[in-house]
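For reference, the structure is listed below as structure tokens.
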Amino acid sequence: MKPATYLLAGILALCSPLCTWTAANSDYREVRGSELGNVTNFSTFLLDRSSGMLYMGARDAIVAVDTANLSKFDQIVWDVPDEKKKACVAKGKTEADCNNYIRLLEFLGDGRIYACGTYAFDPQCAFVNISPFSLEEYEDGSVKMETGKGKCPFEPSQHYTAVMAGGILYTAATSNFLGTLFDISRAMGIEQERIRTERSINWLSDPEFVGSAFIEQDEKNNPEGEDDKIYFFFTEVAKEYDLYTKVKVPRVARVCKSDIGGMKTLQRRWTTFLKAQLVCEDRASGQRFNILTDIFTKQHQPGDPSSTFFYGIFTSQWETDEMSAVCVYSLEDITKVMDGPFKELKKSCENWMNPEPVPTPRPGQCLNAALKAEGFESSLKLPDKVLTFMRDHPLMENSVVSSPLLIRTGITYTKLAVTLTTVSKGNNKQSATVLHLGTDHGELHRVAIVGQNATLLQELTRFPASEPVNNILLYKGGVLVGSPHSLVQLPADGCSPYSTCEVCERARVLGCVWRQKEKVCDLAVTEPGEGVQPEAPVNQCGSRDDHCSPATVELHVVENLRVMLPCVQVSPRPCHWLHLPHRHTRRHHTDLEVHVTPKSLGTYKCLCEEGGREHPPCLRAAYHLTLEKPSTGSSAAVVGSRNYMVWYVVSFFLGAALALGVIRCVARQRRMKRGGGGHPLSASEKSRDLFPSSDTPQSPSSGSLFSEALPFAEKRNGTLNGHGGHIARQNCTHIYANSSGLKLQESSINLAEELDGLERMRLKGEEAGLGEGLGDMGGLEEDLAKMAVLRGAPLAKCEESSI
Ligand SMILES: *[C@@H]1O[C@H](CO)[C@@H](O)[C@H](O)[C@H]1NC(C)=O
Ligand SMILES: *[C@@H]1O[C@H](CO)[C@@H](O)[C@H](O)[C@H]1NC(C)=O
Ligand SMILES: *[C@@H]1O[C@H](CO)[C@@H](O)[C@H](O)[C@H]1NC(C)=O
Ligand SMILES: *[C@@H]1O[C@H](CO)[C@@H](O)[C@H](O)[C@H]1NC(C)=O
């Protein structure tokens, strides 16, 4: 061979790993805090959309990362002096909490960033020069700081929100060390204009602040001279219901940008603070989600502020299971409620019958051109009558109502972002919404909403299960997802995020098709004769089950077992179960718990109304329960229980004998020590104490169910493979007496969780390029062997479920 050939081969050999590396990494990148100068506890994100620099607030540090190359970073250290830390610890706080957690970063618009940190429970704000990246200092080299009270929380994990409006910071945060005072305030600008909320429970009652938005009027289209507004979203304790339990309510509040407070009444307080209740309720089931946990603001028509929508993640105070729902509210609906009647909070008989008349100009209204023409140029000019009414009526009578786009059980969403796309179906153009949802277990889920239909596209595990997603930012067709210890960058737009055949198949609702030859997910070309048409649309991925016609799962069970049959709901519409009528089932949301008796054997089908009532329901899951054949399973079970009885009897005597032995020994020693003066412990008394320890029945598990359950089981809670996933949260082990009076251990495995897990595993498999992922169960079984429930580990606490 010629040297040139060697050279060529060498170059190719060098290049190919390099090329595949860049290809594989062009759409997915990750950095951990340890690679960014050993920084931890990332909280707030601030993105400079023109330069692509991402600023992250962390513990004792601010990090700047180039989103074009995550390995390029810069860092500022801003920590707390040792004396101050000691003083903080002396006040009863933990050493870890007595650091400076940077919670607020906002551009000042003059080449500087305003940064606030908890600074050992004494919040401080500082100025960061962007170039060179550094903290502004006095001549003596000390950091230029000002108080951060009311801007940044005292406690590192406390909720707060802040928004920049026209170069002025508006915040909602606690303003004392104890965390008992809450203010929504204008936190910058002229001293006289730094106004805040009245400290009255009618205004704010134990709020947990969630988000805020600055909605600027369209400059070119504002004939009425309407004022710009700032919206705050939070959950607070309802004061309008006279109930014994503390009922939480999600709220939206609004203040006007030109508000500078009243002259006498409401001096240095908002004169425009109005709030309304948000309702996120599934009317079909009556489920109400009353705790708001995140909000995302989206203009449906970019550039048109009146097309603003707010997407919220909700959970429920009343549900015992983890649940999350997503509801969306339009700015228009919020405005309508704010323009509507006021709620009467002082419920005396008098004003119950005759509500106080609303004075003019309307309390809480932003000043517009018409009001200014009437002589109300500023809020200082407003009459006392208007201001006292405003002070006593901050809450609106009507609520802003929405029904969930999505409801999920067993999952806690922490953050969301929303992208919009247009799907063309023939000549019709339809808009589709993609929700990018972060979970408390380091996962990113994507859900497509087209019309009334919600489709779960993808569930990606991106961080260890101990790291909740705490930031999601959309930028340049990608998404930046943050946890307290890492940052990842993924594609978000178009079809490229759905990089395997099965996921692409699900993304068909977004107009994506899988091109088998190139192995890419691409936008379908709808014009005939142009481009590539989708090849063999169904089953091309080799997946066995089609949507709405899943294969029936055969389950071999033994009597008296409780089996949880999962039904994964992908749309907010209701699901129902079809089975022979008997009284041995119990619904857990969409899942069904079956107590196995001869009468409860047979077929179970879960049907969901995905396309509305006018469409036939979609079969989401089907199971067939049969008794384990006597020759193998149930005889084994009987043998098992007999063995168990023998073991029980033997262990009783062994335990008792051992106990007696120990007690004798102890008693003798004591007698010897005390010179024989003490009373020996009563053997019977002590053996009662010792008895339970030899009586924790760890009987062999009902093997047949477990062997069936194996393929479904995967991870939930607790890590299996170091990178996320978790073991069934309800690893319930029920112990109760059966008819024969013998103690028998029974287990109910929540297959829902585990099927769900299967889904995750499959997704993960696909991600890792394992193709179908389902075929290879070897490694999984090994992992399962480690699962607590299969080892018969300590009895888990479990929900009440009596028969
Ligand atoms: C990172 O920080 C930890 C604790 O703060 C420390 O133990 C470790 O040595 C640091 N590692 C590097 C590379 O600086
Ligand atoms: C990213 O930045 C690092 C550090 O500056 C540099 O070594 C690397 O070559 C850059 N990578 C790319 C793809 O530009
Ligand atoms: C900071 O990170 C550590 C380590 O993961 C964690 O234990 C701690 O709770 C975090 N603190 C805050 C305030 O988030
Ligand atoms: C919703 O789904 C149903 C069936 O699953 C389908 O018939 C209907 O066309 C879908 N609606 C939209 C708006 O995509």
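Each ligand, and each atom within it, is numbered from 1 in the order the structure gives.
- Between the Gln317 side chain and the Lys246 main chain, a donor and an acceptor come within less than 3.5 Å of each other.
- Note on residues 97-111: pairs passing salt bridge (Lys or Arg N to Asp or Glu O under 4.0 Å), not counting sequence neighbours, are Asp110-Arg112.
- Because its NZ or CZ atom is not both nearer than 6.0 Å to the ring centre of Tyr160 and within 45° of the ring axis, Lys151 does not count as a cation-pi partner of that residue.
- Around ligand 3 you find Asn41, Tyr101, Pro156, His485, each with a heavy-atom distance below 4.0 Å.
- Not counting sequence neighbours, the partners of Lys84 by the side-chain hydrogen bond (donor to acceptor under 3.5 Å, both in side chains) test are Asp122.
- Taking distance alone, with nitrogen or oxygen atoms compared against 3.5 Å, Ser71 stays at or beyond that limit from ligand 2.
- Between Arg462 and Glu467 no salt bridge is recorded (no basic side-chain N to carboxylate O distance below 4.0 Å).
- Partners of Ser316 under the side-chain hydrogen bond (donor to acceptor under 3.5 Å, both in side chains) rule, at least two apart in sequence or in another chain, do not exist in this structure.
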